[in-house]
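Just so it is clear, the model here is predicted, and its values are computed rather than measured. Atoms within each ligand, like the ligands themselves, are counted from 1 in listed order.
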Amino acid sequence: MQVVNKKWSLEKFLEVRKEVLSSWPTGNDPLLDLDVAVENLKKVPPHKNFALKLIEAKNQGRTYIQPRAGVARLKEHIDLMRHLDAAGADFLPATVDSYTRHNRYQEAEEGIKVSEKEGRSLLNGFPIVNHGVQACKDVLDAVNVPLQARHGTPDGRLLAEIIHAAGWTSNEGGGISYNLPYAKNISLADSIYYWQYCDRLVGYYEDHGIHINREPFGPLTGTLVPPSIAITIGIIEALLAAEQGVKNITIGYGQCGNVIQDVAAIHMALELCEEYLKDQDYKDVVVTTVFHQWMGGFPADESAATGLIAMASTVAALAGANKMITKTPYESIGVPTKEINAVGIKASKMVVNLLKDQKMKTSTPLKLEKKQIRKEVECLMKMVFELGQGDVAVGAIKAFELGVIDVPFAPSKQNMNKILPARDNEGCVRILEFGNLGMTQDIKEFHKSKLDERAKAEGRPITFQMTVDDIYAVSNGQLIGRPKIGSNH
Ligand code: 8ZB
């Protein structure tokens with residue numbers, strides 16, 4: 001498939017839409033008539049509008065919080081949502097099950113049936129497509145906050161149709177960020193095309209006066225992703241979304257662990273995303289930020305996990321992130337119960353509330369880190385535009401083909417998988433092996449010098465062992481994977 005970054009005509013969108021809606025029986029629903037959906041969306045009160053509430057967070061300098069959660073059965077899912085609403089969540093999700101993420105609706109259907117029979121959820125999320133529009137409307141009616149779908153679906157077109165028609169005013173994902181971490185064999189051209197559709201649907205609603213938020217998935221593989229790579233991908237997806245008519249975009253970033261680097265990353269995600277959108281002539285797009293609590297391996301101990309959650313909340317608040325995705329003390333165990341999910345929400349909320357009138361002051365180290373991120377993102381974005389001769393979709397696809405953009409540890413064959421990250425001596429995520437990454441010599445030397453400091457302090461050479469040690473460090477209670485005293489490293 002050949003994709004270019006150009007707004008789909010209404011005719012093309014409506015043509016493809018017929019095919020999308022006929023891909024599963026719940027797509028054949030009078031509630032999916034666009035005029036009906038527009039009328040329903042107009043009835044969603046402002047306090048349940050995701051886009052408006054994020055703008056409020058931005059204007060008030062607040063960090064709102066959102067958990068992940070989803071179960072197989074509608075009634076149990078509604079109970080879960082009410083429980084998390086009562087615990088203080090500012091936004092609610094539906095985390096979608098893995099079958100739905102891969103468009104395997106028949107298996108999801110069986111999962112629902114068995115869950116009904118056994119009286120508990122046997123799916124790892126809420127199967128939105130199987131439940132359909134009315135069920136999703138029922139969920140929205142049962143809560144007091146805005147709803148978003150959080151999934152990981154390369155082709156989430158029918159899912160997007162269903163949630164928006166039900167009044168859910170945000171959708172997470174993007175053609176890159178919901179492909180590379182979640183699929184192996186789906187081409188980027190295909191997933192970018194599917195997400196152009198999802199964005200064009202939002203563009204349609206925006207043309208009808210309805211505000212809908214879109215959120216690229218910032219953490220990607222969740223494992224030592226250098227900030228500049230995450231931000232570059234977020235900016236590319238923001239540009240692709242804006243072209244299709246999206247007006248409210250939340251750029252995401254997963255906690256890396258060094259406080260200064262994390263604050264710098266949130267600041268630069270916002271600043272650079274706004275700049276690139278303006279530069280490309282998308283002038284009326286509102287950008288907000290989301291900080292993900294640690295996405296790597298968690299400590300098994302619940303108190304230790306709660307400590308990590310509290311630290312993440314501190315950084316998100318000091319950075320001024322507009323939203324934060326919370327984890328739970330059961331993260332290392334599996335899908336959380338509603339009770340433990342509420343614990344994560346309350347712990348997080350306590351911290352962001354305590355810190356709501358404090359932001360990190362600027363300092364030389366913060367300025368330097370921000371400058372470095374800017375330099376790297378600008379370098380990658382320049383390569384993308386060059387490769388695409390000005391077209392960001394064409395450029396992004398080529399950049400991944402060549403490894404000019406490369407995400408560490410992605411399962412996808414669309415990713416070169418040549419780069420290796422490692423922490424420096426203060427725990428900032430740096431790049432140890434660049435592969436074909438499109439960065440200048442100057443940038444490579446900076447990373448090398450930072451890793452040299454660590455190597456010297458640890459009395460070992462810069463090696464892949466550092467990467468391995470860093471991957472396991474946090475779950476073992478340390479940020480940096482230092483060699484054990486007495487070991488050979
Ligand atoms: C990429 C996101 C991974 C995170 C959580 C995992 C992990 C997945 C559910 C869930 C609550 C669910 N997660 N599925 N959390 N309910 N159904 O997403 O624990 O933190």
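Checked against the 6.0 Å centroid criterion, the rings of Phe126 and His131 qualify as a close aromatic pair. Ring centroid separation for the pair Tyr99 and Tyr105 does not come in under the 6.0 Å cut-off.
At a heavy-atom cutoff of 4.0 Å, ligand 1 is contacted by the side chain of Tyr182 but not by its backbone.
Atom 15 (N) of ligand 1 has its closest protein heavy atom at Pro336 CD, 3.5 Å. Scanning the protein for heavy atoms near atom 9 (C) of ligand 1, the closest one is Thr95 CG2, 3.6 Å. Protein heavy atom at the shortest distance from atom 5 (C) of ligand 1 is Arg68 CD, 3.7 Å.
With hydrogens and angles left out, the side-chain atoms of Glu433 and His447 include no donor and acceptor closer than 3.5 Å. For Asp97 and Thr100, the side-chain atoms include at least one donor-acceptor pair closer than 3.5 Å. For the residue pair Glu56 / Tyr64, a side-chain donor-acceptor distance below 3.5 Å is found, with atom types taken as modelled.
Close contacts between ligand 1 and Ala69 involve ligand atoms 11 (C), 16 (N) [criterion: under 4.0 Å to a heavy atom].
Considering backbone and side-chain N/O atoms, Asn124 comes within less than 3.5 Å of an N/O atom of ligand 1. When only interatomic distances are considered, the shortest N/O to N/O separation between Val335 and ligand 1 does not fall below 3.5 Å. For the pair Glu331 and ligand 1, the shortest N or O to N or O distance falls below 3.5 Å.
Within 6.0 Å of the NZ atom in Lys359, the count of heavy atoms belonging to other residues, nucleotides or ligands exceeds 12.
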